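Step one of this worksheet: look at the structure below.
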Amino acid sequence: MRIDVISAVVKILEAPLNESILKRAQDKGLAEIVLHNLRDYATDRYRHVDDKPFGGGAGMVLKPEPLFSCLDKLLGERSYDEVIYLTPQGAKFNQKKANTLSLKKNLLFICGHYKGIDQRVIDKYVTKEISIGDYVITGGEAAAIVVIDSVVRLLPGVLGDSESALTDSFQTDSGFDAPVYTRPAEIDGMKVPEVLLGGNHKDIAAWRLDQGKKKYSRVKRKKL
Ligand code: ADE
């Protein structure tokens with residue numbers, strides 16, 4: 001899979017995309033993630049990528065020209081299955097959407113910053129608007145990391161058998177993963193559940209399913 005990300009602050013993306021599983025996926029050639037610095041497409045000599053909103057109001061808006069120019073270049077090079085704009089006004093992201101995106105070949109992400117991007121960019125290029133939740137963060141970069149991570153870990157070969165994405169929370173019938181423990185078997189008087197120490201895989205699987213379900217209903221009923 002190839003993933004392109006357009007951002008005015010690529011530094012935010014660099015570290016998380018080059019660590020852990022995302023790094024491994026790229027090293028193995030399973031995902032190619034390419035960052036595009038919007039400032040490289042600015043048209044003025046001060047490399048401005050934002051401007052004040054027409055009609056007034058607080059915050060700045062990402063200008064259309066650098067985005068048009070970057071998008072035209074990328075779309076001229078290959079076709080994309082989706083051009084995704086990360087925004088709190090988008091459709092709420094979830095595991096099902098991650099599964100769907102993981103089957104695509106080329107994905108293009110646009111990260112907004114400040115107050116957002118000029119609406120004409122959305123009208124002309126964007127095929128999907130995605131939100132990672134009902135709260136506002138400073139830019140789309142952190143949201144892009146969330147979406148990209150959840151998609152790339154699903155690509156065949158990225159995770160080893162022992163880490164299989166099929167047992168991740170939300171992929172199982174129970175909704176959530178069961179609690180996990182490691183050594184020691186007892187700390188400060190708190191013991192690891194007996195069933196996990198016994199080595200009976202059928203009992204362990206049943207216990208995990210049950211715990212996952214219980215945790216799911218507990219958390220989903222709880223008001224934050
Ligand atoms: N940009 C700012 N807030 C966001 C959110 N909740 N989801 C996606 N992109 C965003």
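The structure displayed is predicted, hence computed values, not measured ones. Just so you know, ligand 1 is whichever comes first in the structure, and atom 1 is the first atom listed for that ligand.
Using a 4.0 Å cut-off between charged nitrogen and carboxylate oxygen, D40 and R47 count as a salt-bridge pair. The existence of a salt bridge linking R2 and D4 is confirmed by a sub-4.0 Å separation between a basic side-chain nitrogen and an acidic carboxylate oxygen.
At a heavy-atom cutoff of 4.0 Å, ligand 1 is surrounded by L86, T87, P88, I130, S131, I132, G133, Y135, V136, I137, G139, A143.
Using a 4.5 Å cut-off between side-chain heavy atoms of Ile, Leu, Val, Met, Phe, Trp and Tyr, Y41 forms no hydrophobic cluster with any other residue. Apart from V136 itself, the hydrophobic cluster it occupies contains nothing, where clustering links Ile, Leu, Val, Met, Phe, Trp and Tyr at side-chain heavy-atom distances under 4.5 Å.
Under the ring-ring contact (aromatic ring centres under 6.0 Å, His included) criterion, F93 pairs with no residue at all, not counting sequence neighbours.
The aromatic rings of W207 and Y181 sit tilted, their planes meeting at an angle between 30° and 60°.
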